[in-house]
Amino acid sequence: MTTTTVAPAAPGIILFAHGSRDPLWHQPIAAVAARVAQLSPNSPVVCAYLELSTPDLGTAVRTLIEQGVHAITVLPLFLGVGKHAREDLPVLVDDLRAAYPSVTFTLRPAVGEDTRLVQLLAEIALDSR
């Protein structure tokens with residue numbers, strides 16, 4: 001008798017940004033997603049947007065769940081921690097936790113709070129190229 005073991009899906013990653021009607025605005029967000037996929041091919045990654053763009057957060061979550069993901073990390077790609085990152089996004093994630101109780105959601109701090117990004121931005125600012 002042959003037994004097939006199905007490995008659990010890797011945690012999914014949602015790169016969450018504000019959104020824009022300008023299609024060029026999306027290119028850096030998509031570039032981050034592409035780099036994540038290169039660095040970790042087994043980690044499903046999707047982009048989601050608060051407004052003015054698609055997909056929204058709920059649609060991105062459903063996409064990952066359809067891929068068999070049971071744990072999702074939401075990374076806000078906000079430099080500043082304004083009302084959206086501080087108030088709106090936690091409410092959206094709480095609503096998703098209620099809608100999908102079998103999925104574990106982790107909401108990371110906004111990237112602008114990460115000292116590594118602050119350091120990199122300072123280095124870019126000081127670059128004399």
Side-chain angles (χ1 to χ4, degrees):
M1 180 175 175
T2 303
T3 306
T4 304
T5 304
V6 178
I13 300 167
I14 296 177
L15 302 175
F16 186 75
H18 186 275
S20 173
R21 288 182 186 91
D22 184 344
L24 294 177
W25 178 92
H26 297 88
Q27 289 178 352
I29 310 304
V32 173
R35 186 68 179 134
V36 169
Q38 283 179 331
L39 292 170
S40 184
N42 294 326
S43 297
V45 60
V46 295
C47 300
Y49 305 97
L50 179 64
E51 57 188 15
L52 306 174
S53 301
T54 57
D56 64 9
L57 187 57
T59 301
V61 165
R62 286 188 295 280
T63 297
L64 291 173
I65 291 171
E66 288 170 2
Q67 295 176 24
V69 170
H70 298 287
I72 296 173
T73 297
V74 179
L75 178 64
L77 297 184
F78 294 112
L79 289 179
V81 183
K83 183 179 182 296
H84 290 317
R86 195 176 54 250
E87 297 175 18
D88 299 337
L89 183 53
V91 169
L92 291 173
V93 172
D94 284 344
D95 290 347
L96 290 166
R97 286 182 178 122
Y100 302 100
S102 65
V103 177
T104 301
F105 289 92
T106 302
L107 176 56
R108 302 265 313 271
V111 294
E113 294 182 324
D114 190 311
T115 57
R116 295 170 295 177
L117 182 60
V118 172
Q119 176 68 27
L120 180 58
L121 291 173
E123 290 172 16
I124 290 169
L126 293 169
D127 191 343
S128 62
R129 283 190 253 173

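Between Leu89 and Ala85, the closest heavy-atom pair is CB-O, 4.2 Å. Minimum interatomic distance between Pro44 and Val69 (heavy atoms only, all atoms of both residues): CG-CG2, 3.7 Å. Shortest non-hydrogen contact noted between Trp25 and Gly19 is CH2-N, 3.1 Å. The nearest pair of heavy atoms linking Ala10 to Ser43 is CB-CA, 4.1 Å. Looking at every heavy atom in both residues, Ala48 comes nearest to Ala60 through CB-CB, 3.7 Å. Minimum interatomic distance between Ala17 and Ile29 (heavy atoms only, all atoms of both residues): CB-CD1, 4.0 Å.
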Run the side chain to side chain contact (heavy atoms under 4.5 Å, CB included) check on Leu50 and Phe16 step by step: do they pass?
CA-CA 7 Å; Leu50 179 64; Phe16 186 75; 3.6 Å; yes

I would like to know whether Leu15 and Val46 meet side chain to side chain contact (heavy atoms under 4.5 Å, CB included); could you show each step before the answer?
CA-CA 6 Å; Leu15 302 175; Val46 295; over 6 Å; no

Is there a side chain to side chain contact (heavy atoms under 4.5 Å, CB included) between Leu117 and Leu79? Walk through the geometry before answering.
CA-CA 9 Å; Leu117 182 60; Leu79 289 179; 3.7 Å; yes

Would Arg116 and Gln119 count as a side chain to side chain donor-acceptor pair (under 3.5 Å) if you check the C-alpha gap in whole Å, the side-chain angles of each, and the deciding distance to 0.1 Å?
CA-CA 5 Å; Arg116 295 170 295 177; Gln119 176 68 27; over 6 Å; no

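Neither Val45 nor Val74 shares a network with the other; the hydrophobic side chains, linked directly or stepwise wherever heavy atoms of I, L, V, M, F, W or Y lie under 4.5 Å apart, form separate groups for each. Taking hydrophobic clusters as Ile, Leu, Val, Met, Phe, Trp and Tyr residues chained together by side-chain heavy-atom distances below 4.5 Å, Leu77 shares a cluster with Val36. Cluster annotation: Ile14 and Leu52 are assigned to distinct hydrophobic clusters (Ile/Leu/Val/Met/Phe/Trp/Tyr, side-chain heavy-atom contacts under 4.5 Å, transitive).
Judged by distance alone, the side chain of Arg86 and the main-chain N or O of Val81 form a donor-acceptor pair under 3.5 Å. In this structure a side-chain-to-backbone donor-acceptor pair under 3.5 Å is present from Thr63 to Thr59. Side-chain atoms of Arg62 come within 3.5 Å of backbone N or O of Gly58 as a donor-acceptor pair. Judged by distance alone, with hydrogens and angles left aside, the side-chain atoms of Thr54 form no donor-acceptor pair with the main-chain N or O of Asp56 at under 3.5 Å.
Summarising the geometry, atom OG1 belonging to Thr73 is positioned 6.5 Å from atom CD1 belonging to Ile13; distances are rounded to the nearest 0.5 Å.
His18 and His84 have tilted rings, their planes meeting at an angle from 30° to 60° on a 0 to 90° scale.
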Distance-only donor-acceptor hits, side chain of residues 92-107, under 3.5 Å, sequence neighbours excluded:
from, atom 1, to, atom 2, distance (Å)
Asp94, OD1, Arg97, NH1, 2.9
Arg97, NH2, Phe105, O, 3.0

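Residue pairs satisfying the ring-ring contact (aromatic ring centres under 6.0 Å, His included) criterion with at least one member in residues 26-47, sequence neighbours excluded, are listed as follows: His26-Tyr49.
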